[in-house]
Structures are given as C-alpha cells and as structure tokens.
2 protein chains.
Amino acid sequence: MPPTTRATLIEVANVANTSKTSVSRYFGPERHKLSPALQARIKQAADALHYQPNLMARGLKGGGSRLLGMLVADIRNPFSVAIVHGVEVAARKHGYALIVCNTDNDPSLEQRHLASLAAYQVEGLVVNAAGQPQQLLQTIMRSGLPLVLIDREVGEISAPVIGLDNELAIDMALNHLSHQGYRCVLYVSEAPEQASARQERLQRFQQQSASLGLDNAILTSLEEQEAIPALRDFIQKNQGVPCAVLCANGNATLAMTRCFQHLEVAIGEVGLIGIDELDWCELVPPGITTLAQPTDAIGSAAVTYLLLQTLPSKAAKEVQHHHPPVLIPRGSTQLIGPSAHLSP
Amino acid sequence: MPPTTRATLIEVANVANTSKTSVSRYFGPERHKLSPALQARIKQAADALHYQPNLMARGLKGGGSRLLGMLVADIRNPFSVAIVHGVEVAARKHGYALIVCNTDNDPSLEQRHLASLAAYQVEGLVVNAAGQPQQLLQTIMRSGLPLVLIDREVGEISAPVIGLDNELAIDMALNHLSHQGYRCVLYVSEAPEQASARQERLQRFQQQSASLGLDNAILTSLEEQEAIPALRDFIQKNQGVPCAVLCANGNATLAMTRCFQHLEVAIGEVGLIGIDELDWCELVPPGITTLAQPTDAIGSAAVTYLLLQTLPSKAAKEVQHHHPPVLIPRGSTQLIGPSAHLSP
DNA sequence: CTGTTAGCGCTTTCAT
DNA sequence: ATGAAAGCGCTAACAG
C-alpha cells in the first residue's frame, strides 16, 4: 500500500473504461450530457477508488481555486472570531472555502501571509489589517484580485471598508448614557493611530459629547499603570457628577472592568458601557451594557462584495458598508438602582 | 489592464532572458546554483512583473501543497480558537499554511468539509470532530493522509488523539477542592456521549471522588431548566457540608456561573472550579478557579505529529499525547474567606 | 551553471 | 454523446 495515493481522473477513466474527458464531465457541470449508462459506470468506478477531484489541478486550468482568503489581526479576539465565522458561513454559501491567516498583530507576518494567500490563488481577499501593508495590497489590487477591508482602512487603498457604523455606535452610546443620567464620560480606547475605526470613534466621541453637553475625558492606553490612575483621577475630579466610562472595544471593556475592580468602584454607580458584546458581560455584576456588532452581517457583506467584483463589472455599490450596532442595556448603566428598567 | 492577471514563470523567464528552469530554481531551494548575474536579472524581472509563484501549480507536480487542514467543531468556543492558534503557529513554523474549516457542530457540514479539505490536497489533517465521521476518516487515512485527532476520539479510527490529560485534570481539581475543605462535589458536563474527552473526565470523576471520600453528584445538561433545580437540590441536600461544583469545560463554567447568580448562591461559599481558562474568570467576583489547558503545546504537538508521519516512517511515538493542565486558583475555591491565600 | 524535455491532474476546444 | 489532444504554471530529471 503506497503512502499518499489518491486516485486520479485517469485511473477512474480506465476502470470505467472511458476517457478522461467523460469523467471530467461527470464531475463538472456537464454531467447531463453523458448517457445514463456511462454515468453509472463512472460513478461506480469513482466510488470504488474513493476518487476525489483534485481542486488544485482544477484551479490550474480555468476553473479558479474556489478559495477565498482572509487575514485577521488577532484571532484570539472574540470579535475577530465572530467576523471570521460570518465570512466563513457566507463563503460556504457561495461555494467557496476560506483560508484564514492570523497575523497576531505582526506587520511582517502580515506581509508574508498576504503573499502566500496570493500565491494560493485565492479568488478574493478579506483583510482585517494589523499594520499598513499598503504596497502589497496595492499591487494585489492591481493584479485584479477582489479585496475588501474589514473595520480598518489601509492607507490610500481604495478598497471598500466594511464594518460597524462607528458614528452611530458612539451616538447610541452617548445618548444612552445621557438618557440614563450620566453627565460626564471617560472614553477609553487603544492607541488610535493605525486603526481608522478607532479614529472615527474617538473623533465622533469628541464632537458628540460636546454637543450633548457632557463633560469628557479621554484615555488612550489600556495599561494598568496608566488606566488605573486615569480612572481614579477622572472620578475624583468629577465628584458629585454622575460619571460613566465608554469603552471603544472589547479589549478596553476588559481592561476597564479590571480597573473598576481594582479600585473597588461600583459598576453602575460609575457607568460602564462598551462596544463589542462578550460572553461575560452579563456575568460581571450588575451586568455590563454593550453595543453588539452585527458580525454575521458584516462577514456576509464582505463576501457579497467580493463576489460582486468577480461578476461582470456591476457597479456593486449596493453592498452595505456601515452596519448598525445593537444596544444591550444592563445594570452597568443603571444609575439609580433597579428602577427605570425599561430604558428605550 | 486585464482583470485577474498574475505574471507567470514564463513571462519572467522571457523578460529575464533565460529559461523557465532557471526562474524555477531561483524561487526554489536551488537558488545558490545560479550565477549572481542571472540571479540579479531574474530578481529584476520578477519584481517588475510582481511575480508570485503559483502554489497550486507547484503543488501539482511534486512539491506538495504546503497546506495543512484543520476541522474545528465550534470556532466560537475560545478553547477551540486557542487550539487553532496553536496549530497555526506551529504550522507556520514548519512552512505550512493552514486552512481552517468550522463545522458549527454540524455532522453533515463536517463531512463536506472533510471532503473538500482532501480535495485541496492538504498534506495533513487536524480534526476536532463534532460528529463521528468514521467512514470518511477511515478512507482518508487509507489514502495515506496524516491525521491527528484533537481532544476527541472518533469511533475506531486509529489516529492519535492529542489533548488534555483528562485524568490528571480531574485529579488536580478534586485534590484542590478536597484540600480547600470541600467535601461534596457536583460534576457538570455536557452530554458525554459522542465525545471521548467528556467520557474520560466523567469516569475519572466517579472513580476519584469516591476514592477521596467525597460525596458526589452528576449533572449532564447545561440547560437552565435542568441545571438550576439540580444545583439547588444539590446544595439543599448537603446543607452543612461544604459543597463545590466542578465544571467539565468552559461552556459548563459559563452555564453554572449563570446558575449561581440566578440562585444568588455565593461563589466560594459553594465552591466553583472549571476546566478551561477564560478571559472573564478573574472578573467574576471572587474570581473563578480554573484548570488551563496548554493549548499552544497541544497545537504544536498536533503539527509535529503530522509532520513526523510525512517523514521516513519514524516510529513517531515521541509526541506527547496527554498534556497536563495548569491550576489557576482563585476566590471561587476559597472556602473560608480571604485567608489561606497560599494554597498549593 | 544553464537549458531541454516531460509530465502533474484536470479542463476544454475541436472532432467524430 | 464521446474522445483526442493541447495546454494551465510549475518542477524535475537529464543533458550540455
């Protein structure tokens, strides 16, 4: 028994006593052009040999690889995973398999992954960038490979960016906080350089908190050494005023929850709301209010967009780029205790 | 500018005024056999054309696809993701890319994915099974494709199963609980049929809890309708005796944490320990004790094992199959309050 | 060192 | 309705 031996078209053809062409037709979209008799013979032979068409070889000729590629900045981030899941489901629905590369936020790894995805002849690329691989993406786009960016722009790249409606998200958060009676809010985000979504959120926060008449402060580090004193100062400076913290993403929510606990600040008394819904947000008493991202919709939109580019050059502008979040109110933005449970 | 046009070996050869072979050599492991002058010419031509070798075509001849395939039962489970990450890192280290398929615990999807992974000519398969795709795996193995199972056996398949040392994990949990003063423990697991790891853990629990002289009870459902009354009854029946709950995996920990909160049972007073470390375990007061799985080690072992099978038929039995967990003690197994902080 | 010549497994005209 | 033959982009002997 030889080591790695998969049956080939030819072997099937021989066993079925016919030609390569017919077997090929049998496994392609032209099966109906074969006589029932031949079909039966081929089926039998193929089954007997456990034949599986070799997609690599198929891709080589004309057929295309039926592969989509995806680059993720951090696969251990639940948000990223949710997006991957969305993309994968959508890809499958269209008959594509997905090859996922995780860059662990390493720009050089990102470059290498990008190169190898191209090398694998993927027919489309979904990129959640860690760094700013402009050059590579530029040449990739020029080569005609459909490209979609998730969540983050990359330099001047003119590919569509699909993701959360960041402005809406900030507005919803701020309105909620304001409506719940908080008058002053600390915005917490990772360093916003290099990530357009972070910039958009931050900027909108600055505009809107002002126009809503909310006092505001900003923290752009999640390091405990910075975050803990920042939170403490924020609360002290605003004694008597109902304060809240708005976390720009799941990581920020995690970090700030730790800070609250470290400082023994009562969650809710000082409000806490975060973008990104996480398993545990309902578990940390009294429950953390979140804005959930519609990850499946985003993933699906990404794939739809890619595939549209493949087709005859439809304008393809019908794909939604900015997806609205869903507010999940919990105790962490309940200023007055368990009353007023029915906030809008 | 034609749509999807990647440069080919031949074009590079033409531009560089040389032959296919030389260009091929340049991109293969024999670059050093080319004169510096030729190398320079080729490099220049390749750069100018943005040439990327086509891995599909390469794989077709002899080279192999340099692809590993992985099947995951539930990609949204943090444990699975951690394993994927481990496998991916290890694969990359050996020069392989990883194509990940998520089955969403759907056996029929699992079948289809398995087939397409084979079709993509992956050189090895890491499978975290959802169902029991024995037949397919059987024929896949017979075809000579290296196969490794993660965490769960599949029927009679004789592939190695790599994962946690389940018996050790249960022993560690029970010893810890016992040492902390708990005398009676409820074991919570999802339905153990179909998943060998669950069976092993459950069985070991039954043996060891008995031999340690601990009272025990078992719950094999995470549904609130069953779990809440079960937990309540368990506590009531053992009033006066220090009770604890042992969760067989992350899902169980999540579910039971909800139950504790629902019933307003104080975590710690009734102990709580779970297999699988999760982000939020330190956040739910007073912190939930866990046994962390060494996911990177498991992923790495899986890849190592696959690759060993590829090589000359070394016995390859040196790969570790059962990996020890790491105990992370927290407040949830602190029976007496914040004293005795230095448990072993 | 470099080029020539066969294919790899499959699809696809173009005949029959 | 079926088959023969010509590649797809690349690697791998085998000459020079």
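Naming convention: chains lettered A, B, ... in sequence-line order (proteins, then strands); numbering from 1 in each chain.
- We find that CG of B/Leu38 is positioned 4 Å from P of C/dT2, with the value rounded to whole Å.
- Per the geometry, CD belonging to A/Glu30 stands 12 Å off C1' belonging to D/dT2, to the nearest Å.
- Rounded to an integer number of Å, the gap from B/Ile10 CD1 to C/dT5 P is 14 Å.
- Between B/Phe27 atom CZ and D/dG9 atom C1' the separation is 13 Å, expressed in whole Å.
- B/Leu55 comes within contact range of no nucleotide atom at all, as no heavy-atom separation falls under 4.0 Å.
- The side-chain heavy atoms of B/Val84 and A/Asn102, taken from C-beta on, include no pair separated by under 4.5 Å.
- Rounded to whole Å, atom C1' of D/dG7 lies 15 Å from atom NZ of B/Lys61.
- Contact between A/Glu88 and B/His113 at its shortest, heavy atoms only, is OE2-NE2, 3.6 Å.
- Summarising the geometry, the separation between NZ on B/Lys33 and C1' on C/dT2 is reported as 12 Å, rounded to the nearest angstrom.
- As judged by a 4.0 angstrom heavy-atom cut-off over every strand, B/Leu9 is placed among the base-contacting residues.
- Between B/Ser35 and C/dC1 there is no side-chain polar atom (N or O) within less than 4.0 angstrom of OP1 or OP2.
- The minimum heavy-atom distance between B/Ala119 and A/Pro53, with the atom names listed, is CB-O, 3.6 Å.
- Side chains of A/Ile157 and A/Gln138 form a contact here, defined as non-hydrogen atoms less than 4.5 Å apart.
- Contacts between residues 11-20 of chain B and DNA chain C, counted as heavy-atom distances below 4.0 Å, involve B/Thr18, B/Ser19, B/Lys20.
- Looking at A/Cys101 and A/Arg112, their side chains never come closer than 4.5 Å, going by heavy atoms from C-beta outward.
- Minimum atom distance to the side chain of B/Asn54 is reached by D/dG9, of the listed C/dT2, C/dT11, D/dG9.
- The backbone N or O of A/Arg6 sits nowhere less than 3.5 Å from a side-chain atom of A/Gln52 that would complete a donor-acceptor pair.
- Taking only side-chain nitrogens and oxygens, B/Tyr51 comes nearer than 4.0 Å to OP1 or OP2 of D/dC10.
- Counting to the nearest Å, the P atom of C/dT2 and the NE2 atom of B/His32 are 12 Å from each other.
- Base contact: B/Ser24 has a heavy atom under 4.0 Å from a base atom.
- Using a 4.0 Å cut-off, some side-chain N or O of A/Ser22 falls inside it from OP1 or OP2 of D/dG3.
- Taking the nucleotide of DNA chain C with the nearest heavy atom to each of B/Pro36 and B/Ala57, the more 5' of the two is matched to B/Pro36.
- Between the CZ atom of B/Arg31 and the P atom of D/dT11 there is a distance of 13 Å, rounded to whole Å.
- Checked by distance alone, B/Arg25 brings a side-chain donor or acceptor within 3.5 Å of a matching partner on the base of C/dG3.
- When the nucleotides C/dT11, D/dG3, D/dG9 are ranked by their closest atom to the side chain of A/Thr21, D/dG3 comes out on top.
- A 4.5 Å side-chain heavy-atom check between B/Pro133 and B/Val154 finds at least one atom pair inside the cut-off.
- Taking the side chain as every heavy atom from C-beta outward, B/Asp296 and B/Val89 never approach each other to under 4.5 Å.
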